[in-house]
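Written below as structure tokens is the structure these notes are about.
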Amino acid sequence: MSLTIREAFPALARPGFHYLDSAAMAQIPGLVSEAVTHHNRTARSNVRRGLHEMAQRADAAYDGARATVGRFLNAPAEEVVFTAGCTLALNMAAWGLGRNLGPGDEVAVSRLEHHSSCLPWMALARERGFALRWLPVTPDGRLDFADLGAMVTPRCKVVVATHASNVTGAVSDLPRLAEAARAVGALLVVDGAQMVPHGRVDPRALGADLYAFAGHKAYGPTGIGVLWGRAEVLDGMAPLVVGGGMVGTVGDDDFTWGEPPHRFEAGTPPVAQAVGLAAALEWMSGLDWQAVHQQEAALTWHLLDGLRSMEGVRIVGPLGLEARVPVVSFTVEGCHPHDLSHLLAGRGVAVRGGAHCARPLMSVLGLEEGTLRASLAPYTNRDDVDALLRGLAEAMKVLR
Amino acid sequence: MSDELYGAAIKELAAREPAVLDGADASVSLDNPLCGDRVSLDVRLDGGRVTASGHRVKGCLLCKAAAALAEERAVGLEADGAAQLLDQVAGMLKKGAEPAFPALAAFLPVRPHKSRHDCVLLPFKALARAVKAS
């Protein structure tokens, strides 16, 4: 008997528990946990080093995981770099491309970025002396393309953008950004952490040059992320981390790098986590995404509709369903997001309150106290959304 | 259920209008980077004793309430005594100590909620730094 999507997630079996914090950490299907356990029981060995039986199994599992991620991204396995997470992947992208920039160069960073995406470039700009330009946002939390030509100038070397905002849920028009970047010879680096959990992605077709995402937001284990890059881009990049497994030759005074993707995987890689991520992406690939997207859209609308009817609630982000993922942020007049999220937790509703590691966006939207964020996933049902709306009304009464 | 955190005493403290202190001898602003709370605590001292205090807070209800209590409680204390308020609040929240003064009992329901301790402690940390800096 096949499981429903929700039944595949053991953590969601608890009655009265409504998980709406998937943008921070998605739940994990039982079969993914089992895949990790099975790997550790049968193939726990270091990779690319040993000749014994377990090592061969580990090599096969790790190479297989890379191939699975490649299929998910419609990309060759050689363009898939495993990392310890999306933050590391985005740092690798920044330091790999940005360390050779300097005064006179510019990097355009969208104001929708998570700190993991913008801070590496801010740090590099400070160190290398290039200029950072913030791509503006519209009042409803989308990238504002009105002055894109003026923002992405001939001095621009890299454009950095999220595929989907972790605050507003807005999906960025990557082809348009890629076109602007190409016009001036710049590269496009994309944070896909919030997009990948909602279906397959083809970064090359979208115009990205580097694309990062996290395992734990895509129904996989923690401690695993992916940096996909066009082969020619990866080939020209320096690694952020050096160590075992990534070298070509090593002498007393110098060493050379190996070829991608291993160039970027110094040390023992997260083998079991990669196997788990592959299991998660295989699970995702087996879903009927047309049906999932319809359900996510219906629930998002139900949530937006419910919030709109509540006095003092301001939705932060698009009010409709076009070009968005099911991530909904909002504020409640007179109620701090942390107090609301605490009171909701007491009612079995898991949401996130705060700035969501997106201070540049919060500042420009005048949201110094942050927002309350409900983030949906394929396992979310109407009961979850109703519990949030009901709990929110109660929490507002407690605080007022 | 976590409704007990938001009792009448805490809500009354949080609703108080913060005092504005001109000519402070020391002002300290502290952030809680995890939740985004920001507290600025101002003190004026005379002969080593806190004679006036004020504050500004952008934060949750617990942080606002704690800031109001820190502002009120500090006045009249020696600098060391004002700084020790932090130990008293931390002792109650983290080590199970009895409330060191009656008004602090309003925060007893916060004790089991470790993730909210910093909301209450932040204003007292700012106060401790302010009196030490003056």
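Keep in mind that this is a model prediction, so the values were computed, not measured. Proteins come first, then strands; the chains are lettered A, B, ... in the order of their sequence lines, and each starts at number 1.
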> Is it the backbone or the side chain of A:L399 that comes under 4.5 Å from a heavy atom of chain B, or both, or neither?
Replying inline: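 Contact with chain B involves both backbone and side-chain atoms of A:L399.
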
> Is chain B contacted by the side chain of A:R400, its backbone, both, or neither, given a heavy-atom distance below 4.5 Å?
Replying inline: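 Contact with chain B is through the backbone of A:R400 alone.
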
> Tell me, do A:R347 and B:D3 make a side-chain contact under 4.5 Å, heavy atoms counted?
Replying inline: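 Answer yes - side chains close enough.
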
> Considering heavy atoms only, which positions within residues 66-96 of chain B lie below 4.5 Å of chain A?
Replying inline: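 So no residue qualifies.
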
>> What residues of residues 44-61 of chain B make heavy-atom contacts with chain A at a cutoff under 4.5 angstrom?
In response: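 So far as heavy atoms go, B:K58, B:G59, B:C60, B:L61 are the residues that approach chain A to under 4.5 Å.
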
Flag if over 12 foreign heavy atoms under 6.0 Å of [atom1], [X]:
X: A:R324; atom1: CZ; value: yes
X: B:R129; atom1: CZ; value: no
X: B:R38; atom1: CZ; value: no
X: A:E368; atom1: CD; value: no

> Out of B:K11, B:K64, B:R116, which one racks up the most heavy-atom pairs below 4.5 Å with chain A?
Replying inline: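 Counting heavy-atom pairs under 4.5 Å, the top option is B:R116.
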
> Could you state the interatomic distance from CG (B:L5) to CG (A:D339), rounded to the nearest 0.5 Å?
Replying inline: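 Taking CG in B:L5 and CG in A:D339, the distance rounds to 8.5 Å.
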
> Who pairs with A:E127 by salt bridge (charged side-chain N to carboxylate O under 4.0 Å, His left out), at least two apart in sequence or on another chain?
Replying inline: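 Salt bridge (charged side-chain N to carboxylate O under 4.0 Å, His left out) list for A:E127, sorted by chain: empty.
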
> What residues, two or more places apart in sequence or in another chain, satisfy side-chain hydrogen bond (donor to acceptor under 3.5 Å, both in side chains) together with B:D37?
Replying inline: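 Partners of B:D37 by the side-chain hydrogen bond (donor to acceptor under 3.5 Å, both in side chains) criterion come out as none, since no residue qualifies.
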
